[in-house]
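Report on the structure given below.
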Amino acid sequence: MLIHAVLGFSVLETLVLAALLLAWADRVAGARLLAAFLIGISLWMVGNELPNWLGPETEPVAMRLLATAPFTSALFFHFCTVFCRVDLGRWGVAVAYALGATASVVSIILVPGHLIHHRDIGFIAVADPVGSIASMAWVILGIGGVAVLLLALLRARRSGDGQKFRQIAAVTASCLWGLLCLAGYGIAVLDLPIYPFPLLGLPLYSLILVYGILRYGVFVANAWARRALVWALLLALGAVVLALTPLLPFESRWLGGLAVAASVLALNGPVRRVAERLVYPGGEVSIADLGAWRSALLSAETPQALGQQAAMLLSARIGTQVEVQIGAPSASTTPSTSSAPATPPGSTPQLVCTPGEQGWQTTLQGWDAAPPGPRHVAELFGTVVAEAAARVEQAQQFAARERERQLQARLAELGALAATVAHDIRNPLNIISMAVAAAPGETRREVADQVARIANLTHDLLDFAKPWKLVPRELDLAAHVRNAAMRLPDVTLGAGLAQPLVLQADPRRVDQALTNLLENARIALASDAGDTDAGGNAAAATTHSPVHIDAETTDNAVLLHICDAGPGVPDEIRSRLFEPFASRSPGGTGLGLAIVARIMAAHGGSVALTERPPWSTCFTLRFPLTTTQRLL
């Protein structure tokens, strides 16, 4: 009979779905409990059908299988609390299991009912008083599970969690569908004069329940759900055609089978399209959709913002969480090249947009199990994302060029201003120097110091502002440091300078950087000595040499440390120490360290203020072991 075939298929389908849940148990909350519940449902269906399959002599076994229904309801209640994240405490779950287990054990011992024969579905179990009391237990537990689902559904709706809302709604819908299917047994027990057709929909109960959970959690499940839905619809179609064959004016099994086969083949395509639309709604993309996507992505100004906005749009469109990656991936993400290994099945699908020789291109990763509909949506969406990525890249390049243009314009203006100031200031300085020739010696020395200070400022200003380029060649940094150290007394050299340090650099600019740093140390030490004398303490602040220079070599750079025992760098200028006109000493021009930073940047290196006790101030120059000529 048709109903027995449908119920047999439902048992097999439910066991397969339980195995599927166990395979993906680590991705879905409560999956093991749901698998146990499905196994319990299978036992219950086997208990109903065993007398029809093997004869009425199996009644004792069938009744005891049916007696497990209360414990199965306890599993369902526990699953609902875990899946909806409702904490009832250990005692709340324990009470549910105690109720279900007690009702099941009592029913197994006392036997819950007996068999009757029905004209449409054969043998069917009817509850005795013991079975009626046991039925109250599984009804209470079932109502409790549905109540948990409804409360969680309201909570998800208030919180705006659309994905969780759809999952809980699917589980709730499967419960309502299960109740509708069980109405077929009610029709048979009450002996109503209609066919118990609701039982034919029982295979969809497990399918809706499992798919509603896996739909948004395990992407590869969608392909299996689509296939299962296609076969279920084709099976139902064949059953309908087979049920209608007695209405034909002639009776022939061959013609009936041929009618079923022809109907299934003719409607195979439409059924697959219907199944795809049910599993993957929104597979078509219109011109209005493309325009809406382009408009929505216009607000993104960075690749990160574009990826987030695109992921939100695509995820909302296909109803599955999707990651969108713009540009080169980080070390922790999936490679974005076409030769990269495919994303493992079941993980979050990705749309990766990367630049290439032909412009920005998109690839899909983790979409192997997706049917053509969503893939088509993602591919069309990818073209829009590629256009937006090209626009963002062009905007960033334009902004960078504009910043560079403004910087060059400011430097040119500063150079022209410096040249004018230097030219206009030399004559007044010469006049001042000649005017004080007859003044007392102390006055002449003071004027000479101030004139020299102004001359140094104009020289540094010109050197900082004018364009210049490096002329690198091979040099021994250790030898350069030893020569520069001879200009300042009380300098000690570390062991790192005992051997040659050969690298590619511009000797004149390296000497200039060393001179600026040593002169900076000299001024700082002189200022500190004056403060110490003024305070009446003539003793040296430290027992070591005032200036110390050392070097060390790493895998890809040479580090040169120039340290002094001066007053240190004030906290208020540490953050802008290498900016123009930020000086740590009253007599400095404020351009020495800025010039050093510019020289090191031109070499592809850097300068930094570091901590090297017991020195109060230490500047570390980092020279890369390979440099190229740079135009500033």
Side-chain angles (χ1 to χ4, degrees), residues 14-15 17-47 63-113 125 127-156 159 161 164-165 167-176 178-179 182 205-206 209-210 212-214 217:
T14 303
L15 292 175
L17 291 175
L20 187 66
L21 279 173
L22 290 175
W24 287 326
D26 57 334
R27 305 178 194 176
V28 180
R32 291 182 177 86
L33 288 171
L34 182 58
F37 169 70
L38 291 178
I39 293 174
I41 290 293
S42 299
L43 292 177
W44 180 82
M45 288 190 291
V46 169
M63 289 300 144
R64 284 165 175 78
L65 289 176
L66 292 174
T68 61
F71 186 77
T72 301
S73 294
L75 290 171
F76 172 73
F77 178 79
H78 190 193
F79 160 73
C80 292
T81 60
V82 173
F83 181 69
C84 298
R85 294 180 174 86
V86 176
D87 187 11
L88 297 180
R90 184 166 54 180
W91 288 107
V93 176
V95 168
Y97 276 116
L99 177 61
T102 301
S104 292
V105 170
V106 171
S107 297
I108 290 174
I109 295 174
L110 300 180
V111 182
D128 290 339
V130 172
S132 300
I133 295 175
S135 298
M136 295 298 296
W138 69 258
V139 168
I140 291 173
L141 292 171
I143 292 175
V146 173
V148 170
L149 290 172
L150 293 176
L151 290 175
L153 195 65
L154 293 175
R155 185 176 58 187
S159 65
D161 189 346
K164 194 63 179 178
F165 178 84
Q167 284 183 313
I168 299 174
V171 175
T172 307
S174 71
C175 295
L176 298 177
L179 290 176
L182 290 179
Y205 167 66
S206 301
L209 177 61
V210 175
I213 295 171
L214 299 183

Heavy-atom closest contact (Ser42 atom, Leu15 atom, distance): OG-CD2, 3.5 Å
Parallel, tilted or perpendicular: ring planes of Phe79 versus Phe83, cut at 30 and 60 degrees: parallel
Heavy-atom closest pair, residues Gly113 and Asp128: CA-OD2, 3.3 Å
Sub-4.5 Å side-chain heavy-atom contact between Leu43 and Thr72: no
Beyond-backbone contact of Trp44 with Leu65, side-chain heavy atoms, under 4.5 angstrom: no
All N/O donor-acceptor pairs, side-chain side in residues 100-110, below 3.5 Å, sequence neighbours left out:
{"residue": "Thr102", "atom": "OG1", "partner": "Ala98", "partner atom": "O", "Å": "2.6"}
{"residue": "Ser104", "atom": "OG", "partner": "Ala67", "partner atom": "O", "Å": "3.2"}
{"residue": "Ser104", "atom": "OG", "partner": "Phe71", "partner atom": "N", "Å": "3.0"}
{"residue": "Ser104", "atom": "OG", "partner": "Gly100", "partner atom": "O", "Å": "3.0"}
{"residue": "Ser107", "atom": "OG", "partner": "Ala103", "partner atom": "O", "Å": "2.9"}

Minimal non-hydrogen separation, Leu141 against Ala74, with atom names: CD1-N, 3.6 Å
Minimal non-hydrogen separation, Phe77 against Ala96, with atom names: CD2-CB, 3.5 Å
Arg155 CZ to Ile168 CD1 distance, which is reported to the nearest 0.5 Å: 7.0 Å
Side chain Thr68, main chain Arg64, donor-acceptor under 3.5 Å: no
Within-4.5 Å side-chain heavy-atom neighbours: Val130 and Val111: no
Minimum heavy-atom distance Ala169-Leu153, with the two atoms named: N-CD1, 3.5 Å
Any Cys84 side-chain heavy atom under 4.5 Å of Leu149 side chain: yes
Which atom of Pro70 lies closest to which atom of Trp138, heavy atoms considered: CA-CB, 3.6 Å
Side chain proximity check, Phe76 to Leu34, heavy atoms < 4.5 angstrom: no
